[in-house]
Amino acid sequence: MHAITAILALAAGSVIAAPVDTVAERATATELNTAAKAAGKVYFGTAVDNGDLGNSQYTSEEKNTADFGQITPANSMKWDAIEASRGKFTYTQGDVIANLAKTNGQKLRCHNLVWHNQLPSWVSSGNFDNATLISIMKNHITNEVTHYKGQCYAWDVVNEAINDDGSGTLRSDPFHNTIGPAYLPIAFATAHAADPSAKLYYNDYNIETLGVKSTAAQNIVKMIKAYGAPIDGVGLQSHFVSGSTPTTAQQVANMNAFTALGVDVAITELDIRVKTPETSAELTQQATDYSSTIKACKQVSRCVGVTLWDWNDKNSWVPGTFPGYGAATPWDTNFQKKTAVYNAIISAWQS
Ligand SMILES: O[C@@H]1[C@@H](O)[C@H](O[C@@H]2CO[C@@H](O[C@@H]3CO[C@@H](O)[C@H](O)[C@H]3O)[C@H](O)[C@H]2O)OC[C@H]1O
């Protein structure tokens, strides 16, 4: 169900096309992306991984823009995929995802430029001095952002810079260890110079409720701005566990702390894992947890959209990463919709 476009005549001779979101439209938007847009959001989307594209059941749903108006490459734009050897840039796999977005009319969230994981060993073990590593990082960012210039709605510029030890300090990784905290504003300023129209995000997990790590992420936003570099948003990854997913109120309070700093927020990697084998009671709880999370984004006007990581249990990274857990997405391993979860998301957008 697409938004009706009304033509509003304003001043003499000037005509502006504006989307009209009517009550009737909101009530009849019955797919994930159409419902999100009817609720005023920019998109509802999903991660897409190149290795999954050989399956026609997968691709026919992946390109269904009624459900997914946005896609994120799960792996193919990461440093190890793009610049596995110093100065040798390979865009084949990233281009496959970028072209899918273009062909299907989906927004592209580009992911990611600077991260301690999936970083080739020539960078992680290179023991470069400060000036050399700054030059390597800037060259990587400039080359990749320029290659995708005009195609990325947003870039996750820096991923997961904060420690998990409850200290709120920056992670010990090659960038922080060598360049210091300034690597963050340098990365954002470099990305902006290469594509001024892409929205630039800091993206992390366990920053979805107020607390030490969320405060550290807020401090990153402040620091980037204090250096005079641009930052447009914070990505709340939202890899949740069913039964201990934060409440709507907790997520809203946290989102508001970020938006008070003048940035957007987005739920960038939503999945809600359950202990496997899953019971029907657990799947009912999971539907409630999806609902709580969507309601939070619905209630915060600067929460621009939600991305699933991934949309189905067959291709989800969860069972391989969190042993004993799975069934984390709204579609099962046979690509069948989990009706309770799917409908809970739609109802939450309509709430
Ligand atoms: O063997 C690797 C395999 O382990 C790798 O898995 C990917 C790891 O990253 C996953 O995405 C991240 C999940 O959470 C956040 O921390 C990050 O922001 C995301 O990038 C991705 O879904 C997995 O497929 O894939 C490549 C294989 O060579």
Side-chain angles (χ1 to χ4, degrees), residues 45-55 58 62 68 70-85 90 92-94 96-98 100 108-124 140 144 148 152 154-165 170-171 173 175 184 187 191 199-208 213-214 216-217 220 233-241 245 265-273 293 305-323 325-331 333:
T46 181
V48 175
D49 210 357
N50 296 66
D52 303 330
L53 295 173
N55 183 317
Y58 178 92
E62 175 282 319
F68 306 124
Q70 172 273 322
I71 59 174
T72 305
N75 287 297
S76 55
M77 290 188 187
K78 292 173 179 173
W79 197 313
D80 62 352
I82 297 292
E83 193 187 4
S85 311
T90 308
T92 322
Q93 296 299 309
V96 168
I97 307 295
L100 266 186
L108 184 65
R109 286 196 89 263
C110 293
H111 172 82
N112 57 53
L113 293 167
V114 180
W115 188 27
H116 67 278
N117 264 334
Q118 294 181 259
L119 187 63
S121 58
W122 71 266
V123 185
S124 55
H140 177 79
E144 182 163 3
Y148 290 113
C152 302
W155 264 109
D156 289 329
V157 177
V158 176
N159 207 34
E160 303 174 359
I162 305 165
N163 272 318
D164 278 321
D165 58 6
L170 289 180
R171 191 184 286 277
D173 68 20
F175 305 104
L184 284 130
K199 294 187 184 299
L200 305 183
Y201 275 66
Y202 174 72
N203 190 49
D204 211 332
Y205 62 91
N206 289 351
I207 60 164
E208 297 87 359
K213 198 168 175 186
S214 172
I220 283 177
V234 173
L236 309 167
Q237 291 186 7
S238 308
H239 295 295
F240 291 142
V241 180
T245 293
V265 291
I267 294 177
T268 51
E269 304 188 17
L270 179 61
D271 50 27
I272 305 184
R273 57 189 182 269
T293 303
V306 174
T307 306
L308 299 174
W309 204 265
D310 196 297
W311 59 274
N312 73 82
D313 292 341
K314 183 177 170 65
N315 302 114
S316 165
W317 74 309
V318 167
T321 308
F322 303 97
Y325 286 87
T329 80
W331 275 259
T333 51

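Numbering of ligands and ligand atoms starts at 1, following listing order.
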I'd like to check which ligand 1 atoms, numbered from 1 as shown, lie under 4.0 Å from a non-hydrogen atom of Asn159.
17 (C), 18 (O)
Any side-chain heavy atom of His239 sitting closer than 4.5 Å to one from Arg273?
yes
Between Trp309 and His111, how do the two ring planes meet: parallel, tilted or perpendicular, split at 30° and 60°?
perpendicular
So, Lys314 and Asp52, do they make that salt bridge, N to O below 4.0 Å?
no
At less than 4.0 angstrom from any non-hydrogen atom of Trp115, what atoms of ligand 1 do you find?
16 (O), 17 (C), 20 (O)
If you scan protein heavy atoms around atom 16 (O) of ligand 1, the nearest is Glu160 OE2, 2.4 Å
Do any non-hydrogen protein atoms sit less than 4.0 Å from atom 25 (O) of ligand 1?
yes
Option of least heavy-atom distance to atom 5 (C) of ligand 1 (set: Asp49, Asn75, Thr268, Asn117):
Asn75
Test item: protein heavy atom less than 4.0 Å from atom 20 (O) of ligand 1
yes
Heavy-atom contacts under 4.0 Å between Trp309 and ligand 1: side chain, backbone, both, or neither?
side chain
Could you check Leu184 against Ile220 for side-chain contact (heavy atoms from CB on, under 4.5 Å), going step by step and ending with a plain yes or no?
CA-CA 8 Å; Leu184 284 130; Ile220 283 177; 4.0 Å; yes
Any side-chain donor-acceptor pair under 3.5 Å between Thr268 and Asn203?
yes
Compute the ring centroids of Trp317 and Tyr325, then answer whether they are less than 6.0 Å apart.
no
Identify, for atom 14 (O) of ligand 1, the protein heavy atom at the shortest distance, and state residue, atom and that distance.
Glu269 OE1, 3.0 Å
Just to be sure I read this right, does ligand 1 sit under 4.0 Å from the backbone of Thr321, its side chain, both, or neither, counting only heavy atoms?
neither
If hydrogens are left out, which of Gln237, Met77, Lys78 has an atom nearest to atom 12 (C) of ligand 1, that is, the closest non-hydrogen atom?
Lys78
Take atom NZ in Lys78; do more than 12 heavy atoms of anything else shown fall under 6.0 Å from it?
yes
Stepwise, does the side-chain contact (heavy atoms from CB on, under 4.5 Å) test hold for Tyr202 with Ile162?
CA-CA 11 Å; Tyr202 174 72; Ile162 305 165; 3.4 Å; yes
Protein heavy-atom partner closest to atom 8 (C) of ligand 1 - residue, atom, separation in Å
Gln118 OE1, 3.3 Å
